[in-house]
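First the structure, in the form of structure tokens, and then the observations on it.
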Amino acid sequence: MALSVRCNVNYLFRFIQRCNSPKRLLCAASCAETKEPPGAGRVFSGIQPTGVPHLGNYLGALESWVALQNQYSSVLYSIVDLHSITQPQDPARLRTNILDMAASLLACGIDPERSILFQQSQVCEHAELSWVLGCLTSMPRLRHLPQWKMKSKQKSEGSVGLYTYPVLQAADILLYRSTHVPVGEDQVQHLELAQDLARIFNHHYGDLFPEPRALLSSTRKVKSLRDPSAKMSKSDPQKMATVNLTDSPEDIFLKIRRAVTDFTSEVTFDPETRPGVSNLVTIHAAMAMVSVEEAVSQAKGLDTGAYKQLVAEAVIQRLMPIREEIERLRADRGHLERVLAQGTHRARELAAPVLREVRQRVGFT
């Protein structure tokens with residue numbers, strides 16, 4: 001008994017040292033310091049089926065998702081509908097939102113020939129691995145994750161699904177033995193949970209899961225057009241706050257014209273003291289594919305009113321072909337269902353052998 005306790009204490013000490021190591025497995029999306037050759041490894045990421053994405057989704061995630069298809073030989077993107085039901089969902093609306101998200105991803109440039117696009121709930125291995133990993137996760141570990149703190153306060157109480165969904169996120173990633181995960185800064189702690197669970201499982205049952213690295217987007221967060229202290233969100237009650245990918249040119253002009261700025265007419269970039277104008281500069285630079293400095297240079301001699309016109313034109317020009325393609329794809333429900341079904345088949349081909357190995361190591365078979 002004493003030997004067993006001493007071994008466990010030694011392991012715990014080594015585990016804490018590794019968790020606190022400054023070499024957390026984080027890097028920028030464009031980082032070159034990883035030892036793997038270009039194209040090595042597997043990318044996984046997921047997005048909830050909230051319907052058609054907004055501009056913040058596009059610049060913060062989807063644009064880099066498209067680029068990653070050219071950088072890695074194995075890429076999986078999942079419409080994570082299991083995660084979506086941590087909040088109440090109307091079943092008919094959810095079915096429509098899943099297909100709308102599929103149409104949007106395809107229109108933005110996700111190519112089913114170069115990546116695997118699938119619906120999470122149709123691959124049952126996600127839920128089973130989540131249970132196994134949940135049995136290796138302590139309640140205090142989940143309790144201190146920032147998303148639980150924030151969302152449970154908003155609802156005054158949260159569901160078990162909301163509490164444990166970071167474990168399901170870890171299962172999503174580890175099920176495919178993913179090596180790289182594009183995430184926003186607000187999701188880094190959830191990825192660290194996946195890294196920790198990979199280590200814990202490997203310690204108990206032998207090496208199986210790699211510790212996934214974070215691919216952090218270099219794009220600045222797009223803020224609400226009505227409240228630049230908050231990020232752009234589909235759930236924002238102010239309709240003028242969010243630009244959706246299917247907005248008409250007229251709607252985009254109107255929303256950007258009404259964007260909150262300040263009383264200084266000159267266009268400068270200073271997110272601390274001029275968040276509204278700086279948000280417009282961020283959007284302009286990203287949509288025109290120029291640097292922030294170049295965007296400010298193009299605004300020279302313009303007041304903020306005239307600059308909003310320039311920003312709106314850049315957004316409309318970039319989004320118009322995407323909007324038209326989304327509408328075309330939404331009209332062909334059968335095609336979208338076939339794309340997701342094919343993606344599900346390919347995802348299960350990768351997931352099933354991993355879960356069989358998990359079952360054998362845990363002792364189920």
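Residues: numbered from 1 along the sequence shown.
By the 4.5 Å heavy-atom criterion applied to side chains, M287 and L55 are counted as neighbours. Between H204 and V362, every side-chain heavy-atom pair lies at or beyond the 4.5 Å cut-off. Contact annotation: the side chain of L350 never approaches that of R177 to less than 4.5 Å [non-hydrogen atoms, C-beta and beyond]. For the pair D172/S78, no side-chain contact is recorded, criterion being any heavy-atom separation below 4.5 Å from C-beta on. Inter-residue side-chain proximity for L340 and E337 is flagged as unmet; no heavy-atom pair is nearer than 4.5 Å. N97 has its side chain out of reach of D81: every pair of non-hydrogen atoms, C-beta onward, lies at least 4.5 Å apart. When side chains are defined from C-beta on, V243 does not count as touching V222, because their heavy atoms never get closer than 4.5 Å. Taking 4.5 Å as the limit, every side-chain heavy atom of V181 sits out of range of all side-chain heavy atoms of L215.
Cluster partners of L168, using a side-chain heavy-atom cutoff of under 4.5 Å among ILVMFWY residues and allowing indirect links, are L82. Other residues sharing the hydrophobic cluster of M240, ordered by chain and number and joined by side-chain separations under 4.5 Å: L254.
If you check the side chains of D236 and S233, you find no donor sitting under 3.5 Å from an acceptor.
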What side-chain donor-acceptor pairs closer than 3.5 Å can you find for residues 293-301, not counting sequence neighbours?
residue: E294; atom: OE2; partner: Q298; partner atom: NE2; Å: 3.3
residue: Q298; atom: OE1; partner: H284; partner atom: NE2; Å: 3.4

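In plain terms, the two heavy atoms of T179 and P210 that are nearest each other are CG2-CG, 4.3 Å. Heavy atoms only, all atoms of each residue included: K221 and T282 are closest at O-CG2, 4.5 Å. Residues P53 and L62 share a closest heavy-atom pair of CG-CD1, 3.9 Å. When all heavy atoms of P112 and V339 are compared, the pair lying nearest together is CG-CG1, 3.9 Å. Closest non-hydrogen pair, N279 versus S224, comes out as ND2-O, 3.8 Å. The two residues T261 and L280 have their closest heavy-atom pair at CG2-CD1, 3.8 Å.
Remark: D247 does not engage R323 in a salt bridge, criterion side-chain N to carboxylate O under 4.0 Å. One finds no salt bridge joining R346 and E349 here, because no Lys/Arg side-chain nitrogen approaches an Asp/Glu carboxylate oxygen to under 4.0 Å. With respect to the salt-bridge test (charged N to carboxylate O, under 4.0 angstrom), the residues R93 and D90 do not qualify.
Exactly one residue among V358, L174, T164, I200 makes a side chain to side chain contact (heavy atoms under 4.5 Å, CB included) with L133. That residue is L174.
Side-chain atoms of T96 come within 3.5 Å of backbone atoms of A92 as a donor-acceptor pair (strictly under, hydrogens ignored). In terms of modelled atom types and a separation under 3.5 Å, the side chain of S178 and the main chain of I173 share a donor-acceptor contact. With hydrogens and angles ignored, the 3.5 Å screen pairs no side-chain donor or acceptor of K223 with any backbone N or O of P228. The closest donor-acceptor contact from the side chain of Q89 to the backbone of S84 lies under 3.5 Å. Using modelled atom types, no side-chain atom of K234 and backbone atom of N244 make a donor-acceptor pair closer than 3.5 Å. Listed for the N57 side chain is a donor-acceptor partner under 3.5 Å among the backbone atoms of H54.
Atoms CG and OG1, on D100 and T246 in that order, are 8.5 Å from each other to the nearest 0.5 Å. Going from atom CD of Q169 over to atom CG of L191 covers 9.0 Å, rounded to the nearest 0.5 Å. To the nearest 0.5 Å, atoms CG (L208) and CZ (R361) are separated by 4.5 Å. Note: L94 CG to I85 CD1 = 8.0 Å, rounded to the nearest 0.5 Å.
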| Check against side chain to side chain contact (heavy atoms under 4.5 Å, CB included), L99 and R330 | CA-CA 7 Å; L99 293 181; R330 288 168 93 180; over 6 Å; no
| message | Applying side chain to side chain contact (heavy atoms under 4.5 Å, CB included) to M101 and Q48, what does each step give before you reach the verdict? | response | CA-CA 8 Å; M101 181 57 72; Q48 290 200 28; over 6 Å; no
| Should V277 and T264 be marked as a side chain to side chain contact (heavy atoms under 4.5 Å, CB included) after you check the CA-CA gap, both sets of side-chain angles, and the distance that decides it? | CA-CA 9 Å; V277 174; T264 302; over 6 Å; no
| For L245 and C108, what are the C-alpha separation, side-chain angles and deciding distance, and is it a side chain to side chain contact (heavy atoms under 4.5 Å, CB included)? | CA-CA 9 Å; L245 298 190; C108 287; 3.7 Å; yes
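Applying the salt bridge (charged side-chain N to carboxylate O under 4.0 Å, His left out) criterion to E325, with sequence neighbours excluded, gives R328. For D303, the salt bridge (charged side-chain N to carboxylate O under 4.0 Å, His left out) criterion is met by no residue, not counting sequence neighbours. With sequence neighbours left out, M289 forms a side-chain contact (heavy atoms from CB on, under 4.5 Å) with R318. Residues passing the side-chain contact (heavy atoms from CB on, under 4.5 Å) test with Q189 are L145, P146, E192, sequence neighbours excluded. R356 pairs by the salt bridge (charged side-chain N to carboxylate O under 4.0 Å, His left out) definition with nothing, not counting sequence neighbours. With sequence neighbours excluded, the residues that form a side-chain contact (heavy atoms from CB on, under 4.5 Å) with S115 are Q69, V75, Y77, I110. Residues satisfying the ring pair (Phe, Tyr, Trp, His ring centres under 6.0 Å) criterion with F209, sequence neighbours excluded, are F201.
Residue pairs meeting the salt bridge (charged side-chain N to carboxylate O under 4.0 Å, His left out) criterion with at least one member in residues 264-282, sequence neighbours excluded: D262-R274. Note on residues 80-139: pairs passing ring-ring contact (aromatic ring centres under 6.0 Å, His included), not counting sequence neighbours, are H83-Y165, F118-H126, F118-Y176, H126-Y176.
Under the 4.5 Å side-chain heavy-atom criterion for grouping Ile, Leu, Val, Met, Phe, Trp and Tyr, V80 is not connected to V188 through any hydrophobic cluster. Cluster annotation: L310 is connected to I252 through the hydrophobic network of ILVMFWY side chains, with a link wherever side-chain heavy atoms come within less than 4.5 Å.
The neighbour count for Q360 CD, taken as heavy atoms of other residues, nucleotides or ligands under 6.0 Å away, is above 12.
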